[in-house]
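Notes to accompany the following structure.
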Amino acid sequence: MPEYRAVGRPTPRVEGVGKVTGRTVYTADMDLPGMLHAKLLRSPHAHARIRHIDTARAAALEGVEAVVTAANLPPLGLDPKRAASIRTYCLLAAEEAVFAGQPVAAVVARDLATAEEAADLIEVEYEELPAVLDPLEAMQEDAPLVRTESRGGGGAEGKAAEDRPTNIASQMRFTRGDLEQGFAEADLVVERTYRTPVVHQGYLEPHSTVVDYDAASGEVTVYTATQGQFYVRDEIARILQLPQTKVRVVGLELGGGFGGKTFLYQGLCAVLAFIVRRPVKLVLTRSEDLTSATPAPQAVFDLKTGMKRDGTITALQARAVYDGGAFPGAMMAIGCIMLGGYYRCPNLEIQGFEVLTNKVSVGAYRAPAVPSATFAIDSQMDIMARELGLDPLEVRLRNAVQEGDLLPGDRPYPRIGLRQCLEQVRDSALWRQRDQMEREVGPRCRGVGVAAGGWLGGLQPAAASVSLNGDGTINVLVGANDITGTNTSFAQITAEELAVPVSHVHVTTGDTSTAPFAGMTGGSKTLFTLGLAVKAAAEQAQRQILDTAAQRLEVSVEDLECADGVVRARSDPEKSITFGRLASITTGFGAAFPPVLGRGAIAARKQAPGFSVQAAEVEVDSETGQVRVLRYVTAQDVGFAVNPLSVEGQMEGATVQGIGMGLCEEMVYDDQGRLLNPGLLDYRMPTAADVPNIESLIVEVPSEDGPYGARGVGEPPVTPGSAAIANAVHDAIGVRITEIPITPERILRAMGKVKD
Amino acid sequence: MSKLSLSLRVNGEPYELEVEPHRTLLEVVRDDLRLAGAKEGCGTGDCGACSMIVDGRLVTSCLLLAVEADGADVVTIEGLARDGKLHPIQQAFLDQGAVQCGFCTPGMILAAKCLLDQNPHPSEEEVRHAIAGNLCRCTGYTKIVQAIAAAAEGPA
């Protein structure tokens, strides 16, 4: 492996000082002159016709500037048919509310307390309609429709729409080989159903947006917490029917996103600012965020699998049903692919359905649709291994995909590191010592479980620029909102290419009017794609620096080398020029050489799938059903760790989110479709006291296309956690839990200690 | 609405304020004193992003009415760095990679300070217990616990 000086070294985050001192500005900290505050009134019903809205009392309250309903929205660039099927285009419910929490009206007032008071004064007359909440019920032909006037469009496989209305939004199928023969060859066939609940991304900063509309110039400026500022710009320009030159989106520092913060309420906030012609701030409360953002879908998986006595998988048949909520958004395709994507399987059939229900519509959450699918398939693998008396890790190694193996859909894998991750965990102390631990202490039983998961990785074109400052330091300009420390990695990449210290590089995330394009920060693709663009820009800047230096020093470019901000001739070290001097002769009044400005732009290339293998040691109290995670190891193939400190941070953070899915996180709805736990006391995320130190094992199997061989990092390690926990619980108490989270109640029920 | 008078020391600075009785300490510090380092993550005292040290105790300032803090000595995240030099806990959070999105960071650092002020050499379990009221969704806590341990060991 080449010697690197900047990449590959643990590097503190470049924007960290502002965060530890509290000076970093988040969207809710914004305060513009003349700014007003918005509050939304939301439907209390999962499904209801809106008969009448009386806004008179609200509008009359002192300090209220506007009360807005679907009836008095200005003309917008939204096709009403599309608006009915796309959550973010349905700004306010018109005739019908389709989930409890859907915005029905908005108040804009001089302060938040007035806006809240006015919202309470709006009178809405609802006529409740039959609601359908369970995705399996919603699939039935006689199920009530999620919205009276629409159809899901996915009633027939492969067809856009069918005449008969349905709640099925879409469906898909992967097949390979001969399923019947596959099951005939098996020595063991296992059939199980797995269930996973709606879970929330749990970012600590609720959705927030401030929009300033300048009526005189027709310009809109949007300050918002988003992972994709260019996407926000495109959508707001579409909604307000403005050219994109009139919409500037400033993606501020993001208080966590995890897929949940792209474009949701920014459109409505922009329309409100357009109406009142003043800046408007909209910050959701935690309760609103839990009730009406875009959590991850509930899902049900029916699996039937066959295995030979030696542990070879012969067949996989699966039906995955993802509950989209009231609008599609479950991204089930990738879930279905990964369901059959970890282990070689000659015969398979995977069917996927996205079904609409009268619950909040779902969206991306870190490796969308994959953690739940992984819980299903990796619980199933464990069951089969144990029933055949085989080592569960060795069974995974026997079947694990590697380069050339086919994904569902029959694309071959490029070079990947799933096997290497399995081997790392196999060699870990936690796994090796599992037979030596004391398995029972009083009512407390200990067990160890393993699971594997992964993510194929996103792709999108991206561009960046690198320029030389007057003192020889370096500026980098990108357009991607940094959520995982990518700007720190870009500084390292630039420092590496230009042979300067990381401290000489400053990375700026520009806004949509100043920055070169970058796709949404999601899909674990920012370093993988934009990192390449930064590298290309730095390389180009380096060539310009060398060209100018060669002319100035009157030597050949080939003779020059760069180190610590000095360009020197190898043949004559006396001949040298500093970056600072180069800056002067490329920027000064009357300077003879052009400024250094490197540009890097890349197209989408080949995906670089990343895998994570995790092992958990748990202790289950067989009297209370309480599960404690005692030790945890998480291995991941990251290709090349540009910043090991950030990489470990991603691995540890995602792992704990996976543990949360496994043990405590669930959005619970009553039989009327109302969320019962809209707060962080009852929507329980892991605290520091709930988890142990996470041991990270970084595996580096270089990708073909990523910078220095890097792969996407953020998503793979959230995928296997719940299965690892379920498998460890089984190892501890011999009971299989097929529905997460694995609460004390579910454990005691499964042990037969609690009856209905 | 009639206002009540309120005297506070915040980060050593005295303030005389007139505030509505329903406003929380978090609102007054953020909106009136313009110290925006404390964050509102939940408004119900469950996440700890609004943590401040009030008379030596860690409080969720979203649950404390400002007038209840009358006469109190309040420390916010803005009060830790001195003369442009980071507090050792702040430095440790940076160095150890304990900072990701940063939204929990001010409250988490104050929770750590409160702990180390009372218990300069805590065990891992004591650290985890002390910050259990401060949610972090990004880090999984491992590096935060390591940072607090490093700050406890390092030169103060």
Side-chain angles (χ1 to χ4, degrees), chain A residues 10 12-13 15-26 28-29 31 113 201-206 253-258 283 285-287 483-485 643-646 648-657 659-660 679-682 685-696, chain B residues 20 22-23 30-31 34-49 76-78 80-81 86-87 89-91 93-109 124-125 127-146:
Chain A
R13 285 177 77 134
E15 83 293 1
V17 171
K19 290 177 174 174
V20 298
T21 55
R23 288 190 59 90
T24 298
V25 175
Y26 298 82
D29 304 332
D31 189 5
Q201 295 86 353
Y203 37 72
L204 273 230
E205 174 205 35
E253 197 64 45
L254 204 67
F258 313 112
V283 177
T285 64
R286 177 56 57 179
S287 159
I483 55 173
T484 58
N643 183 1
L645 202 61
S646 299
E648 287 171 3
Q650 289 297 302
M651 292 168 68
E652 292 158 6
T655 294
V656 169
Q657 290 181 8
I659 293 173
L680 293 181
L681 188 62
D682 298 316
M685 303 196 290
T687 71
D690 297 326
V691 291
N693 277 328
I694 306 300
E695 186 190 350
S696 297
Chain B
E20 293 92 341
H22 65 83
R23 296 180 70 210
R30 279 178 60 86
D31 299 341
R34 307 293 295 148
L35 296 172
K39 304 300 177 199
E40 179 168 317
C42 69
T44 50
D46 300 318
C47 78
T76 71
I77 190 67
E78 288 88 351
L80 261 62
L86 296 181
H87 187 281
I89 301 173
Q90 292 173 314
Q91 190 64 50
F93 267 61
L94 261 187
D95 296 342
Q96 301 284 325
V99 179
Q100 289 195 30
C101 86
F103 207 76
C104 78
T105 305
M108 196 67 87
I109 287 175
E124 185 199 325
E125 198 182 340
V127 170
R128 288 186 174 274
H129 181 76
I131 62 169
N134 292 73
L135 291 174
C136 169
R137 191 59 157 174
C138 296
T139 65
Y141 305 106
T142 297
K143 294 204 184 309
I144 290 176
V145 171
Q146 287 167 353

Engaged part of [X] at the chain B interface, taking heavy atoms whose separation is under 4.5 Å:
| X | answer |
| --- | --- |
| A/Gln650 | both |
| A/Thr285 | neither |
| A/Pro206 | side chain |
| A/Pro692 | backbone |
| A/Val283 | neither |

Going through the checks in order, is the side-chain contact (heavy atoms from CB on, under 4.5 Å) test met by A/Thr21 and B/Leu80?
CA-CA 8 Å; A/Thr21 55; B/Leu80 261 62; over 6 Å; no
Rounded distance (nearest 0.5 Å) linking atom [atom1] of [X] with atom [atom2] of [Y]:
| X | Y | atom1 | atom2 | answer |
| --- | --- | --- | --- | --- |
| B/Cys47 | A/Leu681 | SG | CG | 11.5 Å |
| A/Glu652 | B/Cys136 | CD | SG | 10.5 Å |
| A/Met651 | B/Thr139 | CE | OG1 | 14.5 Å |
| A/Arg23 | B/Leu35 | CZ | CG | 10.5 Å |

Could you walk me through whether A/Leu645 and B/Lys143 pass the side-chain contact (heavy atoms from CB on, under 4.5 Å) test, one step at a time?
CA-CA 9 Å; A/Leu645 202 61; B/Lys143 294 204 184 309; 4.2 Å; yes
If you count heavy-atom pairs under 4.5 Å with chain B, which of [options] comes out on top?
| options | result |
| --- | --- |
| A/Glu253, A/Glu15, A/Arg286 | A/Arg286 |
| A/Ile694, A/Leu680, A/Val656, A/Thr655 | A/Leu680 |
| A/Gly16, A/Gly202, A/Pro12 | A/Gly202 |
| A/Ser696, A/Ala113, A/Ala689, A/Gly257 | A/Ala689 |
| A/Leu254, A/Asn643, A/Ile659 | A/Leu254 |

Counting distance only, does the side-chain N/O of B/Gln100 pair as donor-acceptor with the main-chain N or O of A/Gly649 below 3.5 Å?
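Indeed, once roles are kept as given, a pair shorter than 3.5 Å links the two residues.
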Okay, side chain of A/Tyr26, backbone of B/Lys39: is any donor-acceptor separation there less than 3.5 Å?
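The answer is no, because no donor-acceptor pair under 3.5 Å joins these two groups.
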Sort out for me which of [options] touches chain A most, counting heavy-atom pairs under 4.5 Å.
| options | value |
| --- | --- |
| B/Gly97, B/Gly43, B/Ala130, B/Ala38 | B/Gly97 |
| B/His87, B/Glu124, B/Met108 | B/Glu124 |
| B/Gln146, B/Gln91, B/Arg34 | B/Arg34 |
| B/Gly37, B/Cys101, B/Gly140, B/Pro106 | B/Cys101 |

Please lay out, stage by stage, how A/Lys19 and B/Ile77 fare under the test side-chain contact (heavy atoms from CB on, under 4.5 Å).
CA-CA 10 Å; A/Lys19 290 177 174 174; B/Ile77 190 67; over 6 Å; no
Stepwise side-chain contact (heavy atoms from CB on, under 4.5 Å) test for B/Arg137 and A/Tyr203
CA-CA 6 Å; B/Arg137 191 59 157 174; A/Tyr203 37 72; 5.7 Å; no
What residue among A/Thr687, A/Asn693, A/Asp690 forms side-chain contact (heavy atoms from CB on, under 4.5 Å) with B/Arg128?
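Testing each of A/Thr687, A/Asn693, A/Asp690 against B/Arg128, the sole residue satisfying side-chain contact (heavy atoms from CB on, under 4.5 Å) is A/Asn693.
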Residue pair [X] / [Y]: nearest heavy atoms and the distance that separates them:
| X | Y | result |
| --- | --- | --- |
| B/Cys104 | A/Leu204 | CB-CD1, 3.9 Å |
| A/Met685 | B/Leu135 | CE-CD1, 3.9 Å |
| B/Phe93 | A/Val20 | CB-CG1, 4.1 Å |

B/Leu94 portion near chain A, given a 4.5 angstrom heavy-atom threshold:
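Its backbone and side chain both get close to chain A.
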Side chain from CB out, backbone as N, CA, C, O: work out which of these in B/Gln96 comes under 4.5 Å of a heavy atom of chain A, or both, or neither.
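The backbone, not the side chain.
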Using ring-ring contact (aromatic ring centres under 6.0 Å, His included) as the criterion, list what pairs up with A/Phe258, not counting sequence neighbours.
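ring-ring contact (aromatic ring centres under 6.0 Å, His included) check on A/Phe258 returns nothing, list empty.
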What residues form a side-chain hydrogen bond (donor to acceptor under 3.5 Å, both in side chains) with B/Thr44, not counting sequence neighbours?
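So B/Thr44 forms a side-chain hydrogen bond (donor to acceptor under 3.5 Å, both in side chains) with B/Asp46.
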